[in-house]
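Because the structure is predicted, anything quoted here is derived from the model rather than measured.
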Amino acid sequence: MIQYMLRAGGLLGLAAVIGTALVAITYIGTYEKTAENEREFLMRSLTAIVPESTFDNDIFNDTITVISPKLLGTPNPVVAYRARRNGAPVAVVLTPIAQDGYNGNIKLLIAIRFDGSLGGVRVVAHRETPGLGDDIEIERSDWITTFNNHSLDSLSGSRWRVKKDGGEFDQFTGATITPRAIVKAVYQSLQYFVVNRDALFAISDETQDEQ
């Protein structure tokens, strides 16, 4: 009886070890693939709003972290990707959060050229209502491209709103909250850029606090 129990226990232990190893191997393989997919998605998104022909540095690794809860929508550091050509600054891509979405945070990529004009805006992640708020995705609508080339100089402060609020930008039928949140986030990111442009392009890997 004892021998039977020991054998059964040994088999169970061996099965547990094999199972754990298989889970670990699967996790490692999936993690690496997931990280690769996320990097490819990020690179596609970055180069969609900052064309590869305009820079010659490693934009994916030429980064700095910045903090501005008031203007970038989060108390946490956010990454700023810097594009340069022959060492001269070309554009920066900020990664702020639009906190006022209908269903919470909306993560953004906002490319701002060195002259303060917008290269483009992309939504990275959101939980807005399907069929209403999801027109903020470039795959579903070209609404997000209406920001292209605008700057703080091209529109007065009162025009950085949706049309329902007297501003420049369209809202969606039945969904005003979502575009309103993104317009606000883009406007505030431009304000952040104007104040911090030199610090954003400085050669440093230290986190820049709000200024």
- prompt: Pairs in or reaching into residues 115-167: which pass ring pair (Phe, Tyr, Trp, His ring centres under 6.0 Å), with residues at least two apart or in two chains?
  reply: W143-F147, W143-F172, F147-F169, H150-F169, W160-F169, W160-Y187
Cluster check L108, F41: I/L/V/M/F/W/Y, side chain < 4.5 angstrom: no
message: Is it the case that the side chain of E128 and the backbone of N103 share a donor-acceptor pair, with hydrogens and angles ignored and the cut-off at 3.5 Å?
response: yes
statement: Residues at least two apart in sequence or cross-chain that pass ring pair (Phe, Tyr, Trp, His ring centres under 6.0 Å) with F114, listed by chain then number, are F201
message: Determine whether a donor-acceptor pair (N or O, by modelled atom type, separation under 3.5 Å) exists between the side chain of R113 and the backbone of L118.
response: yes
- line: Heavy atoms of F193 and G116 approach each other most closely as CE2-CA, 3.8 Å
query: Any idea which heavy atoms bring Q171 and P179 closest together, and the distance?
result: CA-CG, 3.9 Å
field: same_hphob_cluster(V183, I138) at 4.5 Å side-chain heavy-atom cutoff
entry: yes
message: Counting neighbours of CZ on R127 that are heavy atoms of other residues, nucleotides or ligands and sit closer than 6.0 Å, is the number greater than 12?
response: no
statement: Across all chains, not counting sequence neighbours, the side-chain contact (heavy atoms from CB on, under 4.5 Å) partners of D62 are N57, R82, R84
query: Is it the case that one hydrophobic cluster holds both L71 and I64, taking links as side-chain heavy atoms less than 4.5 Å apart, direct or via other members?
result: yes
- prompt: Quick one: are M43 and L46 in side-chain contact, heavy atoms under 4.5 Å?
  reply: yes
- request: Could you tell me whether the side chain of T129 and the main chain of L132 form a donor-acceptor pair under 3.5 Å?
  value: no
- request: Show your working on side-chain contact (heavy atoms from CB on, under 4.5 Å) between T178 and I136 and close with a plain yes or no.
  value: CA-CA 8 Å; T178 303; I136 56 178; 3.7 Å; yes
- prompt: In terms of hydrophobic clustering (I, L, V, M, F, W, Y; side-chain heavy atoms under 4.5 Å; direct or indirect links), are I182 and L190 co-clustered?
  reply: yes
- prompt: Roughly how far, to the nearest 0.5 Å, is the CD atom of Q188 from the CD1 atom of I110?
  reply: 9.5 Å
- prompt: Would I49 and V121 count as a side-chain contact (heavy atoms from CB on, under 4.5 Å) if you check the C-alpha gap in whole Å, the side-chain angles of each, and the deciding distance to 0.1 Å?
  reply: CA-CA 7 Å; I49 51 181; V121 180; over 6 Å; no
- line: Interatomic distance, OG@S154 vs CG@N149, rounded to 0.5 Å, equals 8.5 Å
message: For a 4.5 angstrom cut-off between non-hydrogen side-chain atoms, does L200 reach V66?
response: yes
Minimum heavy-atom distance between E168 and K163, given as atom pair plus value: O-CE, 3.3 Å
- request: Check whether any side-chain N or O of N196 sits under 3.5 Å from a backbone N or O of Y192 as a donor-acceptor pair, and report yes or no.
  value: yes
- prompt: Are L109 and V50 connected, step by step, through hydrophobic side chains (Ile, Leu, Val, Met, Phe, Trp, Tyr) whose heavy atoms are closer than 4.5 Å?
  reply: yes
Please tabulate, for side-chain N and O atoms in residues 86-100, each donor-acceptor pair with protein atoms closer than 3.5 Å (sequence neighbours left out).
| residue | atom | partner | partner atom | Å |
| --- | --- | --- | --- | --- |
| T95 | OG1 | V79 | N | 3.1 |
| T95 | OG1 | V79 | O | 2.7 |
| Q99 | NE2 | G73 | O | 2.8 |
| D100 | OD2 | K184 | NZ | 3.0 |

side-chain contact (heavy atoms from CB on, under 4.5 Å) assessment of T146 paired with D170: CA-CA 9 Å; T146 58; D170 290 330; 5.6 Å; no
Atom of R140, atom of D135 and distance for their closest heavy-atom approach: CB-OD1, 4.1 Å
query: Which atom names give the shortest non-hydrogen contact between N148 and I144, and what distance separates them?
result: OD1-O, 4.5 Å
- prompt: Is it true that a side-chain atom of D134 and a backbone atom of G131 form a donor plus acceptor pair closer than 3.5 Å?
  reply: yes
task: Answer yes or no: is there a donor N or O on one side and an acceptor on the other, between the side chain of R44 and the main chain of R39, under 3.5 Å?
output: no
message: Could you work out, with ring pair (Phe, Tyr, Trp, His ring centres under 6.0 Å) as the rule, every residue matching Y102, not counting sequence neighbours?
response: none
Least distance between heavy atoms, I67 atom then P77 atom: CG1-CA, 3.7 Å
- request: Using atom types as modelled and distance alone, determine if a side-chain donor or acceptor of E137 lies under 3.5 Å from a backbone N or O of V123.
  value: no
statement: D165 meets the side-chain contact (heavy atoms from CB on, under 4.5 Å) criterion, sequence neighbours left out, with R161, V162, R180
message: Under a 3.5 Å cutoff, is there a donor and acceptor pairing between the side chains of D153 and S151?
response: no
field: Distance, nearest 0.5 Å, that separates OG1 of T63 from CG of D58
entry: 9.5 Å
